[in-house]
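To keep things clear, I will list the structure first and then write my remarks on it.
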Amino acid sequence: MSIRVRFAPSPTGPLHIGGVRTALYNYLLAKKEGGTFILRIEDTDQTRLVEGAEDYIKESLEWLGLTPDEGPGYGGDYGPYRQSERKDLYAQYAQQMVEQGNAYYAFDTPDELQAMRKEQEALGHHSAKYDARIRMQMRNSLTLPAEESDILIAAGEGIIRLKMPHDEDVSFVDLVREKVTFNTSELDDKVILKKDGMPTYHLANIVDDHLMKITHVIRGEEWLSSTAHHVLMYRFMGWEAPHFTHLPLILKPTGKGKLSKRDGAKFGFAVFPLEWHDKKEDVVYAGFREDGFDPKALLNFLVLLGWNPGSDEEIMTMERMIKLFSLSKIVKSGARFDVDKSSWFNQQYLMNTADADLLAPVKAAMPEGMTVEDSYLQTVIGLMKERVHKYGDFYTEGSFFFSAPESYDDKQVKKRYKPEQDAHFDAIKSMIAASSDSATLADQVKGYLKDNELKMGVYLPLLRIMMCGALKGPDLFDIIFSLGKDEVLKRYDAALVAFKGMES
RNA sequence: GGCCCGUUCGUCUAGGGGUUAGGACGCCAGGUUUUCAUCCUGGUAGCACGGGUUCGAAUCCCGUACGGGCUACCA
C-alpha cells in the first residue's frame with residue numbers, strides 16, 4: 001500500500017517553524033516513498049479561528065516548496081480537507097462509541113466542571129481529571145436516569161466523552177521512541193464531541209486519518225500523551241491505527257521551553273516562515289522570507305534539527321534530503337534553535353548558487369525606491385555572495401556598489417594618508433582614467449607602486465577606502481570596473497578632499 | 001503534584017560493551033588576500049550524577065538530578 005501522510009495545522013495563527021519542520025518531514029517521507037502528502041486544515045475550534053491563517057499556511061508551504069498533493073484548493077479524492085466542512089461526518093462515530101459502551105454523554109456545565117476541579121484540588125488532587133474516579137459523581141448518561149439523559153440529549157445539552165477502560169495498559173509503537181505505554185487509569189475521559197456539534201481534535205483526527213487512509217502520523221511530541229486515547233479509539237472503531245512518529249520539539253535558544261511566537265523578537269530571529277501581521281495584537285512578527293533567507297537553506301537547516309542522514313553530509317538539496325530521509329534517524333531529544341548556524345546555511349546556499357539564479361530573490365530584497373540594472377546587480381551578486389549571509393546583505397554590506405561612501409574609516413586613513421602621496425595618487429588616477437580592463441589596471445598600478453618603491457599596503461587600502469569607505473569587500477580593481485570610471489573618479493576626488501580634512 | 005518522553009563539546013549531532021569519543025556551527029590562532037569574506041591548517045570544548053551488571057560501561061539495568069511535553073467542550 002502506498003504511503004499517505006498528512007500535515008494538519010490549525011488555522012489559529014501563522015505557521016511556526018516547528019510546524020514547518022513537521023510539514024517537511026511528512027513531505028520527505030511521502031516523496032521518498034512515492035506516497036502522498038496531504039494538507040488538512042484542523043479548524044474544529046471555531047472560537048480560535050484567525051482570519052488569513054489558512055492562506056498564510058498555504059502561502060508558506062508554497063514558498064518553501066512543500067506543495068501538498070491533496071488538500072483544500074489542491075484537489076484529491078478524500079475531501080473535503082477542512083474539518084469544519086466535514087462536521088456532519090463525526091457525530092455518527094461518536095454515537096457508535098456511545099452505543100458500544102466506549103463513550104457516554106455528559107451534561108456538566110463549565111461551572112460545574114470548574115467546581116469539581118476546585119473541590120478535588122481542595123482534597124489534594126492536583127489538576128483533577130474527568131476520569132473513572134470522578135465520572136460517577138458527575139451529571140452524565142452513566143449517572144442520570146435514562147429518561148432524563150434522553151431529554152437532555154434531545155435538547156442538545158450533551159457532549160460525548162470517551163469512557164476510559166479500567167486499569168488497562170495501552171501500548172503503541174512510536175517509530176522514534178519504540179514502545180510507549182500508558183495505563184488507562186491515568187487517562188481522562190476526553191471530550192470527543194463538543195456542544196456545538198464539532199468534534200475535538202482527538203475524534204476528528206482518528207476519523208479523518210482513517211477515512212483519508214493515512215498510513216503514517218508524523219507530528220510534534222506534544223501529542224505523545226494523547227496517543228493512547230487515539231489508539232483506544234481506533235480499537236473501539238475496529239480500525240487499524242497508522243504508524244506513529246512523534247517529533248522532538250524545537251526549543252528556545254535557552255533550552256527552556258518550546259519555541260514560541262514571541263521568542264523571535266526576544267532572541268533576534270524569525271520563528272515564522274513569512275512575516276505575519278497579527279491584527280488583534282497589532283504586532284508584526286518577522287518572517288524568514290522577509291529576513292532574507294532562501295527557503296532551500298531554511299529547509300536544509302531545519303531538516304538537521306532533529307534528524308541526520310547517518311553521515312557527515314550537511315549541505316543538501318531537496319532531492320538529496322528526499323533520498324536520504326528516514327524516520328529511524330530522527331533524534332529523540334529536543335533541539336534548540338541556533339541562529340548562527342541558520343545563517344551559515346543561508347550563506348552556503350548563496351555561495352553554491354549561480355549568480356543568475358540569485359538575481360530574482362536579491363531583486364526582491366531591494367530597498368524601496370532603489371533602481372538597479374539587472375546586469376549590474378548580477379555583477380554585484382557575483383562579487384559579494386560569499387561575503388553575505390542574507391539577501392538584504394547585498395545592499396547593506398555592499399552599499400558602496402550602489403552609492404558613494406558617506407564616511408570613511410578615519411582611523412585607517414590617518415594611519416596611512418600623507419599629503420605627499422598626492423602626486424602618486426594623481427598618477428594612479430590617470431591610470432584608472434585610461435584603463436580598459438580590471439586585470440591590466442591591477443598590473444599597472446602594482447607595477448607603478450613597485451617601480452617607485454611604494455608600499456602596496458598603504459596605497460591600495462587607501463584606494464579601497466576611497467571607493468568603499470572601509471577596508472572590506474571584493475577585489476579592489478573589480479570594484480573599480482564595476483562602478484565605472486566616472487563614478488570612480490568622482491569618489492576619488494571626494495575622498496581626497498575628505499582625507500585632507502581628516503589629518504590635522 | 002501525576003503521567004509520559006528525554007539527557008554526548010556553548011549549540012546541532014555521530015557513536016549503542018573494548019574508539020586517541022568523530023563531524024558541523026561558534027570561538028581562538030596561523031596561512032592565503034591590498035582589506036573583508038571565501039578557502040586551507042591547527043586549536044578550544046563533551047559522555048549529568050550515583051549505584052549496579054561485566055574482565056571491561058558514554059554504550060546495558062536501577063535510582064537520583066535536571067530538562068521537556070501533557071494534564072481544556074485548544075489544537
Side-chain angles (χ1 to χ4, degrees), chain A residues 8-12 42-45 47-48 106 108-110 113-114 117 121 124-131 158-161 174 176-177 180-183 185-188 190-196 198-202 204-205 219-228 246 248-249 251 253 255-258 301 304-315 329 331-345 347 351 383-389 397 409 412 442 445-446 449 455-465 468 470-477:
Chain A
S10 179
T12 52
E42 308 228 329
D43 56 349
T44 52
D45 186 349
T47 64
R48 293 206 312 156
D108 316 278
T109 64
L113 288 172
Q114 204 187 357
R117 293 200 177 98
E121 191 123 1
H125 301 295
H126 204 274
S127 106
K129 293 186 282 280
Y130 200 115
D131 60 9
I159 60 158
I160 297 180
R161 281 180 185 274
D174 179 288
V176 186
R177 274 154 246 275
V180 180
T181 304
F182 289 86
N183 189 286
S185 34
E186 305 290 350
L187 272 23
D188 63 337
K190 283 220 184 305
V191 172
I192 56 173
L193 200 71
K194 302 186 271 191
K195 185 110 170 250
D196 64 1
M198 277 287 189
T200 58
Y201 172 89
H202 310 289
N205 208 255
R219 61 194 355 173
E221 195 186 334
E222 69 267 29
W223 296 108
L224 189 61
S225 345
S226 47
T227 305
H246 290 91
L249 268 13
L251 276 16
K256 298 223 180 282
K258 59 176 172 178
F301 167 66
L304 260 2
L305 226 51
W307 173 83
N308 70 80
S311 71
D312 289 340
E313 194 170 339
E314 284 203 297
I315 305 296
K329 298 298 281 181
V331 163
K332 294 181 181 66
S333 46
R336 302 184 200 196
F337 190 94
D338 182 355
V339 202
D340 286 337
K341 195 145 187 182
S342 72
S343 80
W344 177 79
F345 271 101
Q347 182 189 33
M351 290 194 307
L383 293 174
M384 287 298 291
K385 69 176 180 182
E386 64 194 28
R387 280 162 248 267
V388 299
H389 290 88
E397 296 295 307
D409 185 337
Q412 295 295 342
V445 172
K446 285 176 186 171
L449 293 175
K455 286 184 179 156
M456 291 221 296
V458 171
Y459 285 83
L460 262 16
L462 282 171
L463 202 50
R464 171 180 294 282
I465 293 173
C468 310
L471 291 181
K472 57 170 192 169
D475 181 84
L476 176 55
F477 299 99

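Lettering follows sequence order; numbering is per chain, from 1.
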For this session: Check ring-ring contact (aromatic ring centres under 6.0 Å, His included) between A:Trp223 and all other residues, then give those that pass, not counting sequence neighbours.
Result: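 Expected list: A:Tyr201.
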
Name all residues meeting the ring-ring contact (aromatic ring centres under 6.0 Å, His included) criterion together with A:His202; count only those two or more places apart in sequence or in a different chain, and write none if there are none.
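A:His230.
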
Whole-Å [atom1] distance, [N] and [M]:
N: B:G43; M: B:C61; atom1: C1'; result: 39 Å
N: B:C4; M: B:A29; atom1: C1'; result: 47 Å
N: B:A37; M: B:G69; atom1: C1'; result: 42 Å
N: B:G1; M: B:G22; atom1: C1'; result: 43 Å
N: B:G18; M: B:A57; atom1: C1'; result: 10 Å
N: B:C55; M: B:G50; atom1: P; result: 22 Å
N: B:G16; M: B:A58; atom1: P; result: 14 Å
N: B:U8; M: B:U13; atom1: C1'; result: 9 Å

request  = Any chance you could measure A:Ser333, atom OG, to A:Leu249, atom CG, to the nearest 0.5 Å?
outcome  =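 Separation between the atoms: 11.5 Å.
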
Q: Starting at CG of A:Asn205, measure out to OG1 of A:Thr227 and round the result to the nearest 0.5 Å.
A: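 Here the interatomic distance stands at 9.0 Å.
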
| request: Could you tell me which non-hydrogen atom of A:Pro11 sits nearest to which non-hydrogen atom of A:Asp43, and how far apart they are? | output: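 So the minimum-distance heavy-atom pair works out to CG-CB, 3.7 Å.
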
Could you please name the partner base of [N], counting Watson-Crick and G-U wobble pairs only when both distances are under 3.5 Å?
N: B:C25; answer: B:G10
N: B:C3; answer: B:G69
N: B:C36; answer: none
N: B:G63; answer: B:C49

Taking only residues two or more places apart in sequence or in another chain, which ones pass salt bridge (Lys or Arg N to Asp or Glu O under 4.0 Å) with [X]?
X: A:Asp188; value: A:Lys190
X: A:Glu386; value: none
X: A:Glu42; value: A:Arg40

Residues which pass side-chain contact (heavy atoms from CB on, under 4.5 Å) with A:Ala128, listed by chain and number, not counting sequence neighbours: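 Here the qualifying residues are A:Met116, A:Gln120.
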
query = Which residues satisfy the side-chain contact (heavy atoms from CB on, under 4.5 Å) test with A:Asp340, sequence neighbours excluded?
reply =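 A:Asp340 satisfies side-chain contact (heavy atoms from CB on, under 4.5 Å) with A:Asp338 once adjacent residues are dropped.
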
Euclidean distance, atom CD of residue A:Glu313 to atom P of B:C25 [Å, nearest integer]
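The distance from CD of A:Glu313 to P of B:C25 comes to 15 Å, rounded to the nearest Å.
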
- For A:Trp344 and B:G26, what is the distance between atoms CH2 and P respectively, to the nearest whole Å?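 Roughly 8 Å, once rounded to whole Å.
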
In B/S/- notation (B base, S sugar-phosphate only, - none; protein heavy atoms under 4.0 Å), nucleotides 63-75 of chain B written 5' to 3' is ----SSBSB-BBB

Quick tally for nucleotides 34-50 of chain B: nucleotides whose base has a protein heavy atom under 4.0 Å get B, sugar-phosphate-only ones S, the rest -, giving BBBBS------------

**Prompt:** Which residues satisfy the side-chain hydrogen bond (donor to acceptor under 3.5 Å, both in side chains) test with A:Asp131, sequence neighbours excluded?
**Reply:**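 Scan of A:Asp131 (side-chain hydrogen bond (donor to acceptor under 3.5 Å, both in side chains), adjacent residues dropped) gives none.
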
Check: Quick one: side-chain hydrogen bond (donor to acceptor under 3.5 Å, both in side chains) partners of A:Ser185, sequence neighbours excluded?
Finding: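 Expected list: A:Asn183.
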
| Which residue lies toward the 5' end of RNA chain B, A:Phe337 or A:Gly124, if each is placed at its nearest nucleotide? |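 Nearer the 5' end of the strand: A:Gly124.
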
For nucleotides 13-16 of chain B, give me every protein contact, N/O to N/O, under 3.5 Å, one pair per line with atom names.
unit_1	atom_1	unit_2	atom_2	d
B:U13	OP1	A:Gly306	N	2.8
B:U13	O3'	A:Asn308	ND2	3.0
B:A14	OP1	A:Asn308	ND2	2.5
B:G15	OP1	A:Lys329	NZ	3.2

